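To keep things clear, I will list the structure first and then write my remarks on it.
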Amino acid sequence: LEVNEVAVKVFGYSRDEFLHMRTTDLGVTESGETTGELHHLSPLTQKERKQRTRKGKTIDVDIDLHTFEYDGRPAALAIVQDVTERRKLELDLRHAQKLEAVGGLAAGIAHEINTPIQFVGDNLRFLQDAFASLGKLLVEYRGLVAPIASAGINPALLAEIDRAEAEADIEYLLEEMPKAMSQSLDGVERVATIVRAMKEFAHPEQKEKVAANLNQALASTLVVARNELKYVADIEADYGDLPAVECHLGDLNQVFLNLLINAAHAVKDVVDVTGTRGTIGVQTRAIENVVNISISDTGGGIPESIRNKIFEPFFTTKPVGRGTGQGLAIARSIVVDKHGGTLTFESSMGHGTTFLISLPIHGPGCVSRL
Ligand SMILES: Nc1ncnc2c1ncn2[C@@H]1O[C@H](COP(=O)(O)OP(=O)(O)O)[C@@H](O)[C@H]1O
Ligand SMILES: [Mg+2]
């Protein structure tokens, strides 16, 4: 048996150790057990398998097996390629594509809901007005009852009307119907706001940058993220006067969302201990040809020891399901690489964290263009 240097490096066994091993000692099945004979597998089935390194780490490998005769004895050459990183990237890509598909669907659904919710709203407003008029008319008609009764005209019909009024509980209806209408209108308007925010948030990405109102974008993102935020923190939004910013709005919305969710997580960890709600602040300011957006929280802060790691892809301190460690890496790539801006933070243990996004109004290169 002979192995090359890369094999020694990847698997962590010394050349000497390798020479005393069988090829089957490296393979693992899905369930983690050592597999059967490598040289009994046909080249096709050896593609994309898992093997174990000396330290017990499982790696994904592609194996190309060639059998031949050497000195009249059967021999085999296995070309093993470590594809762990590639598999991981493929998985991430699939995940990202899934999210993108969900995002696209969400935009479509928001669009679909928008139309009916609009006419439900319009009709409710119409009914509200109509009922206000009818109610007034009804009161006038009812005013006729007393004079007609005292004049003794058609008592049988009057008795019938009395009965019908009692059956309809007219006083109650006159009182409650306007309330029911305005509550329904409230609800419909809330749904319409969410749908509008969803549409704006999931705005299909354009190739070119477009001038956008970032205050409105932040407001939409806050609506979309409301369910993540409202149980743990009060939102304090302070929007300054902003010029339109040339940007990829869908991407920036993603950044805002990532930072807001991080803030909500940080606040929640504190709330779980203290039981008192926190605050998440959003502030925007324009200074010359730069727009500054800060998102601050009253969470526990970012420990000194990890401050230089948080922007790294896949760095996370959160359990699986809560975090993937990609939020800040994506945010930085969007802000810095795509928009020529900066993404920085200040953090104080026990007090909270503020992330600051600075964006050039006219996109990267604007400073040199001026
Ligand atoms: N506002 C914040 N307060 C405290 N820690 C934070 C905050 N934002 C980010 N972090 C830290 O940075 C890490 C990386 O963040 P991120 O890239 O968004 O990934 P994820 O949120 O999936 O963990 C988080 O796991 C957390 O430890
Ligand atoms: Mg995150």
Side-chain angles (χ1 to χ4, degrees), residues 85 88-89 91-100 102-103 106 201-202 217-218 220-222 224-238 250-284 292-339 341-359:
E85 195 61 22
K88 192 160 142 60
L89 290 176
L91 204 72
D92 288 338
L93 186 66
R94 231 173 302 151
H95 186 64
Q97 282 166 342
K98 197 163 111 193
L99 282 183
E100 196 176 294
V102 171
F201 181 82
L218 278 160
S220 299
T221 307
L222 281 171
V224 173
R226 197 175 118 82
N227 198 257
E228 295 281 329
L229 312 175
K230 70 175 178 187
Y231 300 107
V232 293
D234 298 315
I235 307 298
E236 284 178 5
D238 168 14
D251 285 341
L252 285 186
N253 281 338
Q254 185 67 53
V255 173
F256 301 153
L257 184 66
N258 290 352
L259 295 181
L260 285 170
I261 302 286
N262 278 350
H265 284 164
V267 169
K268 177 161 195 308
D269 290 343
V270 173
V271 172
D272 283 347
V273 177
T274 63
T276 33
R277 286 166 71 78
T279 308
I280 293 175
V282 174
Q283 197 193 60
T284 61
N292 288 328
I293 298 153
S294 70
I295 292 174
S296 58
D297 64 65
T298 55
I302 303 174
E304 196 87 53
S305 57
I306 65 165
R307 286 187 191 171
N308 58 348
K309 296 203 190 93
I310 59 169
F311 290 105
E312 280 172 18
F314 308 114
F315 176 82
T316 182
T317 56
K318 299 171 190 174
V320 180
R322 198 183 192 206
T324 62
Q326 299 185 75
L328 287 178
I330 291 170
R332 185 161 71 175
S333 141
I334 290 171
V335 171
V336 178
D337 304 338
K338 268 196 162 172
H339 291 87
T342 58
L343 176 61
T344 54
F345 69 93
E346 276 165 26
S347 192
S348 157
M349 291 310 284
H351 293 101
T353 305
T354 300
F355 277 84
L356 179 71
I357 306 166
S358 288
L359 293 168

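In this text the structure is predicted, and so the values were computed from the model without any measurement. Both ligands and their constituent atoms are indexed starting at 1 by order of listing.
Looking only at side-chain heavy atoms (C-beta outward), Asn262 and Lys318 come within less than 4.5 Å of each other. Here the side chains of Phe256 and Ile293 are in contact, with some heavy-atom distance below 4.5 Å. Val224 has its side chain out of reach of Asn253: every pair of non-hydrogen atoms, C-beta onward, lies at least 4.5 Å apart. Between Val255 and Ile330, the closest side-chain pair of non-hydrogen atoms is not below 4.5 Å. You'll find the side chain of Pro303 reaches within 4.5 Å of the side chain of Met349, heavy atoms only. For the pair Leu252 and Ile334, the minimum side-chain heavy-atom distance is below 4.5 Å.
Comparing Ile280, Thr298, Ile302, Ile310 by heavy-atom distance to atom 5 (N) of ligand 1, the nearest is Ile302. Comparing Gly301, Gly325, Gly299, Ser296 by heavy-atom distance to atom 22 (O) of ligand 1, the nearest is Gly325. Across Phe345, Phe315, Phe355, heavy-atom proximity to atom 14 (C) of ligand 1 is greatest for Phe315.
Looking only at distances, a side-chain donor or acceptor of Arg277 sits under 3.5 Å from a matching main-chain atom of Lys230. Thr221 places a side-chain N or O within donor-acceptor distance of the main-chain N or O of Ala217, the cut-off being under 3.5 Å. Looking at Asp297, its side chain never comes within 3.5 Å of a backbone N or O of Gly352 through a donor-acceptor pair.
For atom 1 (N) of ligand 1, the closest non-hydrogen atom on the protein side is Asp297 OD2, 2.9 Å. Here the protein heavy atom with the shortest distance to atom 21 (O) of ligand 1 is Lys318 NZ, 2.7 Å. Here the protein heavy atom with the shortest distance to atom 18 (O) of ligand 1 is Asn262 ND2, 2.8 Å. Here the protein heavy atom with the shortest distance to atom 23 (O) of ligand 1 is Thr316 OG1, 2.5 Å. From the protein, the heavy atom lying nearest to atom 3 (N) of ligand 1 is Ala266 CB, 3.3 Å. The closest protein non-hydrogen atom to atom 16 (P) of ligand 1 is Leu328 N, 3.6 Å. Protein heavy atom at the shortest distance from atom 27 (O) of ligand 1 is Thr317 OG1, 2.5 Å.
Close approach to Gly323 involves these atoms of ligand 1, each under 4.0 Å from a residue heavy atom: 22 (O). Near Thr324, the atoms of ligand 1 lying under 4.0 angstrom from a non-hydrogen atom of the residue are 22 (O).
Between the side chains of Ser294 and Ser296, not a single donor N or O lies within less than 3.5 Å of an accepting N or O. A donor and an acceptor atom, one from each side chain of Ser358 and Asn292, are located under 3.5 Å apart.
Nearest approach of Val270 to Thr298, heavy atoms of both residues: CG2-O, 4.1 Å.
Environment of CD in Glu312: crowded, with over 12 heavy atoms of neighbouring residues, nucleotides or ligands closer than 6.0 Å.
Residue contacts with ligand 1: Thr353 is included, with a non-hydrogen atom under 4.0 Å away.
Residue Arg322 has no nitrogen or oxygen atom sitting less than 3.5 Å from a nitrogen or oxygen atom of ligand 1, judged on distance alone.
Excluding waters, the count of protein N/O/S atoms less than 2.8 Å from the Mg ion (ligand 2) comes to 1.
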